[in-house]
J.: 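Have a look at this one.
As the structure lists them, so they are numbered: ligands from 1, and atoms in each ligand from 1.
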Amino acid sequence: MAFTLPDLPYAHDALAANGMSAETLEFHHDKHHNAYVTNGNKAIEGTEWAGKSLEEIIVGTYNKTAVAQNGIFNNISQLWNHNQFWEMMGPGDSKMPSELENAINASFGSVDKFKADFSAAGAGQFGSGWCWLVKNADGSLAVTKTENGVNPLCFGQTALLGCDVWEHSYYIDFRNARPDYLKNFLDNLVNWENVASRM
Ligand code: MN3
């Protein structure tokens with residue numbers, strides 16, 4: 001069965017007061033995310049990956065030059081990344097659950113230090129990509145950055161939080177100011193209950 005574009009878990013204008021406009025979500029979800037769905041379905045059609053889960057395709061095609069050239073990895077990983085991204089944000093004023101705060105304090109020393117590391121990873125990703133809060137196999141938390149559509153599944157990690165730092169994610173609302181977009185993301189957009197639920 002072909003993959004489909006999931007609806008946003010909120011209205012297109014629901015995040016506007018938190019710094020992500022309806023126009024950004026109309027372009028980013030309805031056009032960019034939808035293109036990954038369309039192109040991903042086209043790329044796997046008639047291949048061994050048709051009928052497999054997003055996660056199986058991502059792990060199975062990462063760093064395999066022959067299939068990457070078919071656009072399978074790039075489109076399917078971006079499809080998955082955006083499925084997570086919308087869920088990781090929400091309207092309103094989200095409080096960090098204590099279970100997550102304790103884990104962040106244990107790995108980073110403080111929430112402020114985690115936010116500084118996360119922002120630096122996102123600002124320092126040259127070109128398109130993502131920054132992440134991940135859980136390693138040993139249970140420790142870490143901040144990482146990845147290029148283009150690469151994500152933590154490729155490294156056997158659990159994605160707790162991811163921020164899209166492709167220009168299409170921030171150019172309408174923040175123009176070229178990626179650091180301002182990252183600060184607003186952490187301070188006003190993250191759904192910390194969702195992040196905690198991924199632990
Ligand atoms: Mn994007």
J.: Side-chain donor-acceptor pair under 3.5 Å between Gln78 and Asn81, yes or no?
T.: yes
J.: For Asp164, what is the atom name of its N, O or S atom nearest to the Mn ion (ligand 1)?
T.: OD2
J.: Please find out if the Mn ion (ligand 1) and some N, O or S atom of His32 are separated by less than 2.8 Å.
T.: no
J.: Does His82 put an N, O or S atom under 2.8 Å from the Mn ion (ligand 1)?
T.: yes
J.: Tell me if a side-chain donor or acceptor on Asn194 pairs with a main-chain N or O of Met89 at a distance below 3.5 Å.
T.: no
J.: For Lys115 and Asp187, run salt bridge (charged side-chain N to carboxylate O under 4.0 Å, His left out): C-alpha distance rounded to whole Å, both residues' side-chain angles, the deciding distance at 0.1 Å, then the answer.
T.: CA-CA 9 Å; Lys115 287 186 173 184; Asp187 290 346; 3.3 Å; yes
J.: Compute whether any side-chain donor of one residue and acceptor of the other, for Trp86 and His33, lie under 3.5 angstrom apart.
T.: yes
J.: Need the atom name: nearest N/O/S atom of His28 to the Mn ion (ligand 1).
T.: NE2
